[in-house]
Amino acid sequence: MARTIDAVAHTARREEFLDAAQLLIESQGYARMSVQDVLAEVGTSKGAFYHYFDSKQALLQAVVERNADLLQTHLTPFVDTPDHSALDDLQRFFAALAGWKTQRRDLLTALLRVWYSDDNAVVRHKTRSVVSARIVPLLAAIVGKGVAEGTFTARDPQQTARVLLSLVNDLNDALGELFLTQKPHAPSATRVRPVVAAYTDALERVLGLPSGSLRLVDVVTLAAWFDGGDPVKE
């Protein structure tokens with residue numbers, strides 16, 4: 001007689017492994033994490049682990065896929081909304097992306113040094129690749145809508161979306177580096193704003209928008225990250 005699998009229990013157990021792996025990756029880095037560490041965190045046997053994942057790499061892929069799915073779900077409502085222009089959609093998309101990170105500021109702040117360490121190089125690469133597969137189609141839909149409206153100029157919305165996401169990722173790296181090197185108790189948002197302005201200008205040029213059309217990161221968000229939450233006055 002075939003064994004009956006409780007789908008709910010199976011999913012819940014798998015989530016326990018993912019939660020444990022994510023916690024360990026965030027606290028010590030993927031390279032230092034072992035399958036045995038995950039087993040100890042979950043409190044189970046190696047046999048149980050291999051019932052769900054065939055390797056440490058497969059576990060990492062599942063963690064990355066889960067986070068990418070959550071981000072995609074968060075951003076999808078801001079794509080191709082009938083009551084907004086493509087420029088509005090794009091602005092709201094970037095605001096939602098920034099808000100997603102700001103809501104997790106304390107966690108992300110604690111993770112920054114681990115995230116940019118050599119121990120998480122594999123995680124960074126996989127995360128960028130998986131997130132790109134989820135986010136590029138959303139951005140491409142917005143770009144395509146903007147081209148149809150005559151607001152954006154782009155030969156290929158899909159490839160233009162890849163360029164946009166590459167710029168956003170590069171800005172994230174630049175801001176992460178500035179955040180890690182800022183001096184304690186010293187307001188830094190004014191130092192960061194020219195960096196954001198340069199990337200905003202680049203995105204506008206890629207889309208054929210007039211200068212000042214986009215606000216990639218607002219001053220309140222910058223202040224929340226770099227000045228302890230006090231908005232920088234214009």
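Atoms considered below: every heavy atom in the structure, side chains included; atoms not considered: hydrogens, waters and symmetry mates.
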Undergrad: Is the F53 ring parallel, tilted or perpendicular to the F17 ring (thresholds 30°, 60°)?
TA: perpendicular
Undergrad: Which pairs, with at least one residue in residues 44-71 and sequence neighbours excluded, count as a salt bridge (charged side-chain N to carboxylate O under 4.0 Å, His left out)?
TA: E15-R66, D19-R66, E65-R134, D69-R134
Undergrad: For S213, does its backbone N or O pair with a side-chain atom of E204 as donor and acceptor, under 3.5 Å?
TA: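 Yes; at least one donor-acceptor contact below 3.5 Å.
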Undergrad: Name each donor-acceptor pair under 3.5 Å that joins a side chain in residues 156-163 to protein atoms two or more places apart or in another chain, with its distance.
TA:
residue, atom, partner, partner atom, Å
D156, OD1, Q158, N, 3.0
D156, OD1, Q159, N, 3.3
T160, OG1, D156, O, 2.9

Undergrad: Does the side chain of F152 reach to within under 4.5 Å of the side chain of L90, using non-hydrogen atoms?
TA: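 With C-beta onward as the side chain, the pair touches.
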Undergrad: Apply side chain to side chain contact (heavy atoms under 4.5 Å, CB included) to the pair L70 and W100, showing each step before the final yes or no.
TA: CA-CA 10 Å; L70 289 172; W100 167 270; 3.8 Å; yes
Undergrad: More than 12 non-hydrogen atoms from neighbouring residues, nucleotides or ligands closer than 6.0 Å to NE2 on H74, yes or no?
TA: yes
Undergrad: Do T11 side-chain atoms and A7 backbone N/O form a donor-acceptor pair below 3.5 Å?
TA: yes
Undergrad: Would you check, one step at a time, whether the test side chain to side chain contact (heavy atoms under 4.5 Å, CB included) holds for L207 with L87?
TA: CA-CA 10 Å; L207 292 170; L87 183 56; over 6 Å; no
Undergrad: What residue among T44, L59, I25 forms side chain to side chain contact (heavy atoms under 4.5 Å, CB included) with V38?
TA: L59
Undergrad: Would a 4.5 Å heavy-atom cut-off, applied to side chains only, mark D88 and Q91 as touching?
TA: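 No, side chains not in contact.
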Undergrad: Return the set of residues passing side-chain hydrogen bond (donor to acceptor under 3.5 Å, both in side chains) with R32 (not counting sequence neighbours), or none when no residue passes.
TA: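 Residues passing side-chain hydrogen bond (donor to acceptor under 3.5 Å, both in side chains) with R32: D119.
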Undergrad: By the salt bridge (charged side-chain N to carboxylate O under 4.0 Å, His left out) test, which pairs, at least two apart or in different chains, include something from residues 36-45?
TA: none
Undergrad: Parallel, tilted or perpendicular, judged at 30° and 60°: which one describes the rings of H51 and H10?
TA: perpendicular
Undergrad: Carefully, step by step, assess T200 and R215 under the rule side chain to side chain contact (heavy atoms under 4.5 Å, CB included).
TA: CA-CA 7 Å; T200 302; R215 172 164 283 189; over 6 Å; no
Undergrad: Side-chain contact, heavy-atom cut-off 4.5 Å: I135 with F93?
TA: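 Heavy-atom side-chain distance check passes, below 4.5 Å.
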Undergrad: Should F94 and V168 be marked as a side chain to side chain contact (heavy atoms under 4.5 Å, CB included) after you check the CA-CA gap, both sets of side-chain angles, and the distance that decides it?
TA: CA-CA 9 Å; F94 286 141; V168 171; 3.9 Å; yes
Undergrad: Between L71 and L97, is any pair of side-chain heavy atoms under 4.5 Å apart?
TA: yes
Undergrad: What distance separates S85 OG from I142 CD1, expressed to the nearest 0.5 Å?
TA: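 If I round to the nearest 0.5 Å, the distance is 10.5 Å.
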Undergrad: What's the spacing between D201 CG and L216 CG if we round to 0.5 Å?
TA: 11.5 Å
Undergrad: For a 4.5 angstrom cut-off between non-hydrogen side-chain atoms, does T151 reach L209?
TA: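 Yes - at least one pair of side-chain heavy atoms lies under 4.5 Å apart.
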Undergrad: Report the distance from atom OG1 of T153 to atom CZ of R205, rounding to the nearest 0.5 Å.
TA: 12.0 Å
Undergrad: Please give me the minimum heavy-atom distance between R14 and A62, naming the atom from each residue.
TA: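 Distance-wise, the nearest heavy atoms are NH2-CB, 3.5 Å.
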Undergrad: Hey, could you give me each pair passing salt bridge (charged side-chain N to carboxylate O under 4.0 Å, His left out) that has a residue in residues 135-149? Not counting sequence neighbours.
TA: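 Found D80-K145, D89-K145.
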Undergrad: Nearest 0.5 Å, please: how far is CG in L203 from CG in L164?
TA: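 Interatomic distance, L164 CG to L203 CG, rounded to 0.5 Å: 5.0 Å.
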Undergrad: Is it true that R124 and D173 make a salt bridge, defined as a side-chain N closer than 4.0 Å to a carboxylate O?
TA: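 Salt bridge absent between R124 and D173.
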Undergrad: What pairs with V122 under side chain to side chain contact (heavy atoms under 4.5 Å, CB included), at least two apart in sequence or on another chain?
TA: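 Y30, L60, K126.
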Undergrad: I need the F179 CZ to N172 CG distance, nearest 0.5 Å.
TA: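 That separation rounds to 13.0 Å.
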Undergrad: Rounded at 0.5 Å granularity, tell me how far OG in S166 sits from CZ in R128.
TA: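 Spacing of OG (S166) from CZ (R128) equals 9.0 Å.
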